[in-house]
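Throughout, protein chains are lettered first and strands after them, A, B, ... in sequence-line order, and every chain is numbered starting at 1.
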There are 2 protein chains.
Amino acid sequence: MTAVPTLGSLPAADGAMQTGGSRERIERIYAVLRKRICLLDYAPGERLREETLADEFDVSRTPIRRVLARLEDEGLLRSVHGVGTIVTDIDIDALEQVYQLRVELAELIGKLSPVQPDADKIDAFRALLARCEALVARPDARAFAEINMDFFHLLNSLTANEPLRAISELLYYQTTRIWLKTASRLESYQAVLNTEITIFHREMADIVAAVEIGDLEVVGHIRRAHISMSFLRLRNSAHADATRAHDAGHDASHDD
Amino acid sequence: MTAVPTLGSLPAADGAMQTGGSRERIERIYAVLRKRICLLDYAPGERLREETLADEFDVSRTPIRRVLARLEDEGLLRSVHGVGTIVTDIDIDALEQVYQLRVELAELIGKLSPVQPDADKIDAFRALLARCEALVARPDARAFAEINMDFFHLLNSLTANEPLRAISELLYYQTTRIWLKTASRLESYQAVLNTEITIFHREMADIVAAVEIGDLEVVGHIRRAHISMSFLRLRNSAHADATRAHDAGHDASHDD
DNA sequence: GGGCGTGATGTTGTACACAACAAAAGCATA
DNA sequence: TATGCTTTTGTTGTGTACAACATCACGCCC
């Protein structure tokens, strides 16, 4: 999996335009790679080659390495001398601590410097809700992940506390891959996807309602429950699936 | 201020030993520079030259740039093309949001995966308390800052939640310089230092007592109050000093 | 004397060649 | 065939020359 079909919903700047100074360029490459990792365009364990990336973005290895270093500091990559730059693997149990922290921070977004959403922002919430409704009609894992990501950013913009936003984002990107990865390995993949989208849609509707009223503290509470339960559902599914596979292994032992 | 007299309490590895692989080396340089920034060996606004640092650590600019990039991502530096790498300036008001967040995280340390301190750890707390008592007898701003730093790390080790530790550390290093910087400009520098050390010692004794009992939730509460009030005292001092200087300016206007 | 352009100087950003390192392939031997 | 050594290949880490950029000093013109 080296060729990546779509660059996601990148903010234009395609073709040869590539506007701006070196900092913007690096920021752009960073955002692209981060999104690819979190959407599993780059699978956990996959090896990225600096020179390949350099060719794709039409720069030398140097700025690419600048980006990879940051992604490594943030825990999404790991460079090994003589081997390659590897997308970090993740497992649901190791991420429990991150989820515990995310749960607490979600509540803080409603408490620390909350900003009352204006009309435009409320419209953005409604638009996202509409996208989610379309998703319920035609479930798709990748689209689900993207809506989830956009929703996160929108919610994150409800606090004016910059450090809180930055850290929430950091932790979000550390955890969000786990859903796509775990779900895709599940036996009951389609069923889990459907129920998860349905639940997500309902919770999203609740949150949008709270946003419309302007009670950001309630938003925080709902979201806290949302994140916490989402994690628990996923872990239960994963463990149930694992034991089921293990039991089945007694009859016909050809796992792996 | 380019020559730095002491490297702080670095873990030896001096002379020509410089053990280990490239990752350890980078980590070491990172820790040294971060400490220098936070102890104001590098003052806010000061310009660092990559080549100078490269010479000092006996490497080329490349690994130095790797370290500077991380410090820039963490908000302690800012590299400007054609100008230099500048230590970020800070002001007490801009850091209020970070303090608000630190206050919340301090409480979380007692709640999320708390680890009961063993005998060694309790001894470490007592040793630090002893150092603090010596400090009360002979006040010194830099020694105060160093004890404060060691105390932070010790407290941070009371949770097993790795992400929480990492983020707390990040925010701590973003804020800790402000005390030394602000206090050093105060008219009543010595008096403020003395009272601050006295207060710090008392709070430290309270926390150590709570640690000895093993009630980490109480530790969190005390520390929450500690951080919050420390910030308020500092801000009040700074503002009072500013208005006093401003008023004095009416009589003899020769500030700056 | 003041304003402005122009070159000199200094610094970070980039590109590239090479060193260091790891892993796989080839190969001889028991 | 299995095993251990050597060679080969591939990748990241480092060093260094140069480009891009900002700033300052100098001198020219008004």
*Ignoring the backbone of A:Glu50, work out which of C:dG13, D:dG13, C:dA15 is nearest its side chain.*
D:dG13
*asked:* Consider salt bridge (charged side-chain N to carboxylate O under 4.0 Å, His left out). Of A:Lys35, A:Arg142, A:Arg36, which one does A:Asp41 pass it with?
replied: A:Arg142
Check the distance between [N]'s [atom2] and [X]'s [atom1] and give it to me in whole angstrom.
{"X": "A:Ile26", "N": "C:dA15", "atom1": "CD1", "atom2": "P", "answer": "10 Å"}
{"X": "A:Arg23", "N": "C:dG13", "atom1": "CZ", "atom2": "P", "answer": "7 Å"}
{"X": "A:Ile64", "N": "D:dT14", "atom1": "CD1", "atom2": "P", "answer": "18 Å"}
{"X": "A:Leu68", "N": "D:dT11", "atom1": "CG", "atom2": "C1'", "answer": "13 Å"}
{"X": "B:Glu51", "N": "C:dG13", "atom1": "CD", "atom2": "P", "answer": "14 Å"}
{"X": "A:Arg66", "N": "D:dG13", "atom1": "CZ", "atom2": "P", "answer": "15 Å"}
{"X": "A:Arg25", "N": "D:dC21", "atom1": "CZ", "atom2": "C1'", "answer": "14 Å"}
{"X": "B:Asp58", "N": "D:dG13", "atom1": "CG", "atom2": "P", "answer": "20 Å"}

Looking across every strand, which nucleic acid part, if any, lies under 4.0 Å from [X] by heavy atom: base, sugar-phosphate, or nothing?
{"X": "B:Leu48", "value": "sugar-phosphate"}
{"X": "B:Arg49", "value": "sugar-phosphate"}
{"X": "B:Arg47", "value": "sugar-phosphate"}

*Please work out which residues in residues 70-89 of chain A have a non-hydrogen atom less than 4.0 Å from an atom of DNA chain D and list them by number.*
A:Ser79, A:Val80, A:His81, A:Gly82, A:Val83, A:Gly84, A:Thr85
*Which heavy-atom pair separates A:Leu40 from A:Lys181 by the least distance, and what is that distance?*
CD1-N, 3.6 Å
Can you find a donor-acceptor pair, distance only, under 3.5 Å between [X] side chain and [N] base?
{"X": "B:Thr62", "N": "D:dG15", "result": "yes"}
{"X": "B:Arg65", "N": "D:dG15", "result": "no"}
{"X": "B:Arg61", "N": "C:dG13", "result": "yes"}

*Give a yes/no verdict on a cation-pi contact between A:Arg102 and A:Tyr172, requiring under 6.0 Å between NZ or CZ and the six-membered ring centre and an angle within 45° of the axis.*
no
*Is any side-chain N of the basic residue among B:Glu51 and B:Arg61 closer than 4.0 Å to the acidic one's carboxylate O?*
no
*With the threshold set at 4.0 Å, does a side-chain nitrogen-carboxylate oxygen contact exist between B:Glu72 and B:Arg65?*
no
*Which class fits the ring pair B:Phe144 and B:Trp179: parallel under 30°, tilted 30 to 60°, perpendicular over 60°?*
perpendicular
*asked:* Do B:Arg78 and B:Val80 make a side-chain contact, defined as non-hydrogen atoms from C-beta onward lying under 4.5 Å apart?
replied: yes
*Between B:Ser60 and D:dG15, does any side-chain N or O lie under 4.0 Å from OP1 or OP2?*
yes
